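Single-structure report; data block below.
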Amino acid sequence: MDRASQHVWGLFTDWCTAVDLASLPADPVTVAMFLGEHPTAPGTQRRRVGVINAAHRRAGLPQPGRSELVRDLLDAGRMARRERAAAAIANRIAQLPLTGSPPHCASSRSPACAETRSASTPIRC
């Protein structure tokens, strides 16, 4: 286990000791509680779950991070980011013109521009 992983595992086991819960094997609820009490960036949370899973895998135990509870917890953050992105895209789409074509497409032979050009618009070279 590398130093960063050792640090994560130490943080998890220390927290488990402090709240009187087993770290190995850890229940998925324990992992979810740990993540909730140690908020950080989504990537860091996924790494923490990966380290906890790896420790369980090495011990031949079920990986608590693969449970629906923990996966849903991690996916909730991902879903919120996707919803924000979808809202921003929908806002931008609403601002696009409904008729006409971009001026640069009138003289372009680009296939992408050809799709936006009407069949009657001549191509100027």
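Just so you know, residue 1 is the first one in the sequence shown, and it goes up from there. When reading the values below, keep in mind they use all heavy atoms of this one structure, side chains included, and skip hydrogens, waters and symmetry mates. Fair warning: this is a prediction, and the values are worked out from it, not measured in the lab.
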Listed by chain and number, what are the side chain to side chain contact (heavy atoms under 4.5 Å, CB included) partners of [X], not counting sequence neighbours?
X: A90; result: none
X: P62; result: none
X: Q95; result: N91, R92
X: M33; result: W15, L21, V29

Inset, instruction - Inspect the surroundings of CZ in R3 and state if more than 12 heavy atoms from other residues, nucleotides or ligands are less than 6.0 Å away. - result: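 It does not: R3 CZ has 12 such atoms or fewer within range.
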Inset, instruction - Mind checking the OG-CG spacing from S23 to L11? Nearest 0.5 Å is all I need. - result: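 Nearest 0.5 Å value for the OG-CG distance: 11.5 Å.
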Inset, instruction - Calculate, to the nearest 0.5 Å, the distance between atoms CZ and NE2 belonging to R48 and H38 respectively. - result: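 It is 6.5 Å, given to the nearest 0.5 Å.
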Closest contact, heavy atoms only, [X] versus [Y]:
X: N53; Y: G65; result: OD1-N, 2.7 Å
X: P28; Y: S67; result: CB-OG, 3.2 Å
X: P64; Y: V70; result: O-CG2, 3.6 Å

Using side-chain heavy atoms (C-beta onward) and a distance below 4.5 Å, is [X] in contact with [Y]?
X: V19; Y: F34; value: no
X: L24; Y: W9; value: yes
X: T30; Y: C16; value: yes

Inset, instruction - List for me each residue that meets side chain to side chain donor-acceptor pair (under 3.5 Å) alongside R57, sequence neighbours excluded, and say none if there are none. - result: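 R57 satisfies side chain to side chain donor-acceptor pair (under 3.5 Å) with Q63 only.
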Inset, instruction - With side-chain contact (heavy atoms from CB on, under 4.5 Å) as the test, would you mind laying out the steps for L74 and L35 before giving the verdict? - result: CA-CA 9 Å; L74 293 175; L35 296 175; 4.3 Å; yes
Inset, instruction - Taking salt bridge (Lys or Arg N to Asp or Glu O under 4.0 Å) as the test, write out the residues that go with D2, two or more places apart. - result: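 By the salt bridge (Lys or Arg N to Asp or Glu O under 4.0 Å) rule, D2 matches R47.
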Inset, instruction - Output every pair passing salt bridge (Lys or Arg N to Asp or Glu O under 4.0 Å) with a member in residues 10-34, not counting sequence neighbours, ordered by first then second residue. - result: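 Non-adjacent pairs meeting salt bridge (Lys or Arg N to Asp or Glu O under 4.0 Å): zero.
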